[in-house]
Asker: 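Sharing a structure, written as structure tokens. Questions coming.
Just so we're on the same page: letters track the sequence lines, and every chain starts at 1.
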Number of protein chains: 4
Amino acid sequence: MKAEDNGRPRSRRLPREVRERQILDAAVEVFAARGFHNASMDEISEVAGVSKPMLYAYLGAKDELFIACVRRESTLLIETIGGAAESDLPPVEQLWRALRVFFEYVQRNRAGWTVLHRQTNSQGEPNVAELVEWRERAMVLIAELLARATDGSAQPMQPQQTEPFAAALAGAGEALADWWVDNPEHTADGLAMRLMNMVWMGFGDLVEGRTWTPAE
Amino acid sequence: MKAEDNGRPRSRRLPREVRERQILDAAVEVFAARGFHNASMDEISEVAGVSKPMLYAYLGAKDELFIACVRRESTLLIETIGGAAESDLPPVEQLWRALRVFFEYVQRNRAGWTVLHRQTNSQGEPNVAELVEWRERAMVLIAELLARATDGSAQPMQPQQTEPFAAALAGAGEALADWWVDNPEHTADGLAMRLMNMVWMGFGDLVEGRTWTPAE
Amino acid sequence: MKAEDNGRPRSRRLPREVRERQILDAAVEVFAARGFHNASMDEISEVAGVSKPMLYAYLGAKDELFIACVRRESTLLIETIGGAAESDLPPVEQLWRALRVFFEYVQRNRAGWTVLHRQTNSQGEPNVAELVEWRERAMVLIAELLARATDGSAQPMQPQQTEPFAAALAGAGEALADWWVDNPEHTADGLAMRLMNMVWMGFGDLVEGRTWTPAE
Amino acid sequence: MKAEDNGRPRSRRLPREVRERQILDAAVEVFAARGFHNASMDEISEVAGVSKPMLYAYLGAKDELFIACVRRESTLLIETIGGAAESDLPPVEQLWRALRVFFEYVQRNRAGWTVLHRQTNSQGEPNVAELVEWRERAMVLIAELLARATDGSAQPMQPQQTEPFAAALAGAGEALADWWVDNPEHTADGLAMRLMNMVWMGFGDLVEGRTWTPAE
DNA sequence: GATGAATGAGCATTCATTCAT
DNA sequence: GATGAATGAATGCTCATTCAT
């Protein structure tokens, strides 16, 4: 209970902004480690070095706190990726950069990513409307990217048609990010490259008319 | 409380076996809808048309009940897929069949799949050791399948090298299954085919030496 | 669950009397081992080799079953002691015989005694009115015995005056019976004798006017 | 739910120490009145004028709360008696003082004594290791006291030999304390004196060689 | 601004007890 | 006569949340 129990000095009377950050950091950490339900406000406040009433004063109820976490992390991720994939580059290049910074982001911010990722496939956690929304927007962007990449090919596609590919791509990316945890010897670049090679090339084949069909 | 509140007649005095099934069905349904923590034993018993003590008598505590659900569903899935992919077929064919029955399974048993899928990426739920184990074994199988498919190609690979691809493939499949919920107009076959075309073809390119590399 | 799990054959269709005895034996055993509250009807029925509905049919609810146990054991004890201490013997002799058969009874029927003894000092267990009553009657008898023993002494006493001595004597007896459990090398006779020597002699001194008084 | 429902003002925001005492007092009262199993945490919290979570926060689960009660009461009793029987007094005197303060303690703290006493002969309640230990130590002390008292007599004894007498003496004391409840007209001094007269004198006779033996 | 102290409300679990066969 | 199957009702415990200082 003494000041420095968790390495963070429990200094008093900090400006609101800083306190809020401290709390969010702690919350992300705990939510990532325990999951939404098993994370207790007690533990969060302890890790944050702040009393519970402060938690509530600054970031509201548990749901709201969780949403704030998700929001912060998703914003960060969006901006990171958005910054990398400038829209005047060719589609391939955009995709490549997006994947690369995605893996870099995950590497740099494992806890944040865990919270984001888990929130995505979970009925039990509070619904972060924006996140769902954003996720869909991201899908649409990827789908459009893929669609635009088919322009001038033998088999041009509408974004609507590329949607399932976008979903699959995103899923593959997330799965790789998960797999990475247990195989840390790989680099962000290496993983992004593998993904490009598998998905992008396959997709390219498809639009060029080289398709696979079952034997019968 | 009337007999048919949930469409299932609340018949009394059934043999143990039947009751157990009823309960598991209800539990899977509720766990899928609410997630482990938000599912209350009360609701499960209500949906099952059985009093709580029966729940405990037949399937034990909440954790155990959940594990029983996961175990039943995973066994079902494993057997379904295992039955489809006979090992004397060529790798491609095996993969194709596995994917197809996977999507069919998901379609037929959405709730069960939800429970399985969520359990996979979740810290908060009870750990089903076997499931983790099984998931790993499945990965290995896929990785081996992919490796075997590279035999005689320009770029033969060891299972160890195909592992990330296996992970990506599985992730893509799961993501597609999820995406399907909101886009039910697609068929199991259609999704399996898309996945094959994207992943398999890309992987084929790779082993044939047609790779993608960044511009710089 | 097979027939002979506890050494008692689970024979069917026994005369009521026998069944009842079986059940009481089991109940006493379990109540003694676990105490009233921790004894579960399930365990009793199992030990008795009888299904629960039979338990209820024969001996009623848990309270009633417990009371039946206490009643049987107390009756047995009373008769045993009563038979030993014929009232035409001199008081000393009566007391001596009573104590001796008491210890013998305890030795022969440890479980029954445990149930009786515990019931005596316990708020939580169902009140067996008769037992309380009987206990009081026993006290009165002892008190009268002691009183009668003072006839013709220097300090004759009324039963009312000897009551506390009776209580103390009974308590000493029970405590010795308890202590016996951990010191089984002693014999019933030995313990009875010790008690006589301590209590009877002291009491004798008292009525003869040889009293102890504090120094100040 | 108004403030004074049980005569104790439900004052809010007391220092931890005070609340803990309040709770222990209530718990002892309820445990004494109902026995361990029939005492519900609800009732204890109500009597204590505190919500259940406080119970748990301050004193832990039901077992632990019970143990805390036993521990507090036994410590008090031990200290009380220990303080009275200074070891440089002659054995008789020590015994006399111990008995006297014992009865005084029981009179002053009936509920506490009930809890202690019941815990002693009960299978169902949580085992308070220390208490068992202490009880044994107390026995040993009494046995030694008795043994020391035989020094220089016709029949000197080893503590081991006086043990059963110690057990009997303790039992007699406890029984008298119980009997007192229904016969409150007696005083602590009176009871202690009676006990001394009965037990001490009888014991004295014994060591002097004046023994009782059965007729036959 | 900051917190120790406090609680309402919900949930898992377990019995004693009784039908329906 | 005998029982497997079933439940109402209680109880221990915990957690998000908020006063009073």
Side-chain angles (χ1 to χ4, degrees), chain A residues 1 10-16 19 37-45 49-58 60-65, chain B residues 1 10-16 18-20 37-45 49-58 60-65, chain C residues 1 10-16 19 37-45 49-58 60-65, chain D residues 1 10-16 18-20 37-45 49-58 60-65:
Chain A
M1 294 304 151
R10 184 171 184 140
S11 33
R12 317 194 156 224
R13 307 227 164 236
L14 294 179
R16 175 172 191 115
R19 268 280 138 90
H37 276 98
N38 289 320
S40 82
M41 294 299 267
D42 269 301
E43 181 174 3
I44 295 176
S45 80
V50 164
S51 75
K52 266 196 295 179
M54 284 290 94
L55 230 66
Y56 283 86
Y58 278 131
K62 195 184 185 185
D63 287 25
E64 299 173 274
L65 173 57
Chain B
M1 293 303 154
R10 182 171 186 138
S11 32
R12 318 201 151 224
R13 306 196 66 70
L14 296 179
R16 181 182 186 110
V18 178
R19 268 283 134 92
E20 228 163 59
H37 277 99
N38 288 321
S40 83
M41 294 300 264
D42 268 299
E43 182 174 1
I44 294 176
S45 80
V50 164
S51 72
K52 264 191 298 176
M54 284 287 92
L55 246 62
Y56 285 87
Y58 282 155
K62 196 183 184 186
D63 287 25
E64 297 172 277
L65 174 56
Chain C
M1 294 304 156
R10 185 178 185 132
S11 34
R12 316 192 157 226
R13 307 226 163 236
L14 293 180
R16 178 175 188 109
R19 267 280 138 91
H37 276 99
N38 289 320
S40 84
M41 292 300 265
D42 269 301
E43 182 173 3
I44 293 175
S45 79
V50 164
S51 74
K52 265 192 299 175
M54 283 293 91
L55 230 68
Y56 284 86
Y58 278 130
K62 196 184 185 185
D63 287 25
E64 300 172 272
L65 174 56
Chain D
M1 290 306 153
R10 184 171 185 138
S11 33
R12 319 202 149 223
R13 308 195 66 66
L14 297 179
R16 180 179 188 112
V18 177
R19 269 282 133 93
E20 229 163 58
H37 277 99
N38 288 319
S40 83
M41 293 301 265
D42 269 300
E43 182 174 1
I44 295 177
S45 79
V50 164
S51 72
K52 262 193 299 177
M54 283 287 93
L55 247 61
Y56 285 88
Y58 283 154
K62 197 183 181 185
D63 288 25
E64 298 172 279
L65 174 55

Asker: Using OP1 and OP2 only, check whether a side-chain N or O of C:Tyr56 sits under 4.0 Å from E:dT17.
Answerer: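 Checking C:Tyr56 against E:dT17: at least one side-chain N or O falls below 4.0 Å of OP1 or OP2.
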Asker: To the nearest Å, give me how far apart NZ (C:Lys62) and C1' (E:dT14) are.
Answerer: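 Rounding to the nearest Å, NZ of C:Lys62 and C1' of E:dT14 are 12 Å apart.
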Asker: Is there a side-chain polar atom (N or O) of C:Arg19 under 4.0 Å from OP1 or OP2 of F:dA2?
Answerer: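 Checking C:Arg19 against F:dA2: at least one side-chain N or O falls below 4.0 Å of OP1 or OP2.
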Asker: List for me each residue that meets side chain to side chain donor-acceptor pair (under 3.5 Å) alongside C:Asn38, sequence neighbours excluded, and say none if there are none.
Answerer: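 With sequence neighbours excluded, C:Asn38 shows a side chain to side chain donor-acceptor pair (under 3.5 Å) to D:His37, given in chain and number order.
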Asker: Roughly how far, to the nearest 0.5 Å, is CZ of D:Arg19 from CG of D:Leu55?
Answerer: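 If we round to the nearest 0.5 Å, D:Leu55:CG and D:Arg19:CZ are 11.0 Å apart.
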Asker: Round to a whole Å and report the spacing from CG of B:Leu65 to P of E:dC11.
Answerer: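 The distance from CG of B:Leu65 to P of E:dC11 comes to 16 Å, rounded to the nearest Å.
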Asker: Over all heavy atoms of both residues, which pair between A:Ser51 and A:Ser45 is shortest? Give the atoms and the distance, please.
Answerer: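 Closest approach of A:Ser51 to A:Ser45, heavy atoms only: C-CB, 4.2 Å.
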Asker: Which atom pair, heavy atoms only, marks the closest approach of B:Glu20 to B:Tyr58?
Answerer: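 Shortest heavy-atom separation between B:Glu20 and B:Tyr58 comes out as OE2-O, 3.7 Å.
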Asker: Look at the side chain of A:Lys52 and decide which nucleotide, out of E:dA2, F:dT18, F:dT17, has an atom nearest to it.
Answerer: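 Taking heavy atoms from C-beta onward, the closest nucleotide is F:dT17.
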Asker: Taking the nucleotide of DNA chain F with the nearest heavy atom to each, does B:Pro53 or D:Gly60 sit closer to the 5' end?
Answerer: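 That would be B:Pro53.
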Asker: Atom CG of D:Leu55 and atom P of F:dC15: how far apart are they, to the nearest Å?
Answerer: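 Spelled out: CG on D:Leu55 to P on F:dC15 is 16 Å.
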Asker: Take atom CD of B:Glu64 and atom C1' of E:dA12, then tell me their distance rounded to the nearest Å.
Answerer: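 My rounded result for the distance is 12 Å.
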Asker: What is the distance from NE2 of A:His37 to P of E:dC11, rounded to the nearest Å?
Answerer: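 Between P of E:dC11 and NE2 of A:His37: 10 Å.
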Asker: Please determine whether a side-chain nitrogen or oxygen atom of C:Tyr58 lies at a distance below 4.0 Å from atom OP1 or OP2 of F:dA2.
Answerer: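 Looking at the OP1 and OP2 atoms of F:dA2, one of them is under 4.0 Å from a side-chain N or O of C:Tyr58.
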Asker: Rounding to a whole Å, what distance do you find between A:Asp63:CG and F:dC15:P?
Answerer: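 Distance, rounded to whole Å: 16 Å.
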Asker: Taking atom P of F:dA10 as reference, at what distance in whole Å does atom CG of D:Asn38 sit?
Answerer: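 Result: 14 Å.
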Asker: Between D:Met54 and B:Ala61, which is nearer to the 5' end of DNA chain E once each is assigned its nearest nucleotide?
Answerer: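 Final value for this comparison: D:Met54.
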Asker: Please identify each residue that fulfils side chain to side chain donor-acceptor pair (under 3.5 Å) with C:Lys62, with sequence neighbours left out.
Answerer: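 None.
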Asker: Identify, between C:Met41 and B:Asp42, the residue whose nearest nucleotide on DNA chain E lies closer to the 5' end.
Answerer: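 So the residue in question is B:Asp42.
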Asker: Which stems does DNA chain F form, counting runs of 3 or more consecutive Watson-Crick or G-U wobble pairs with both distances under 3.5 Å?
Answerer: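 For DNA chain F the paired stretches long enough to count as stems (3 pairs minimum) are E:2-21 with F:2-21.
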Asker: Using whole Å, report how far CG of B:Leu14 lies from P of F:dT7.
Answerer: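 It is 10 Å, rounded to the nearest whole Å.
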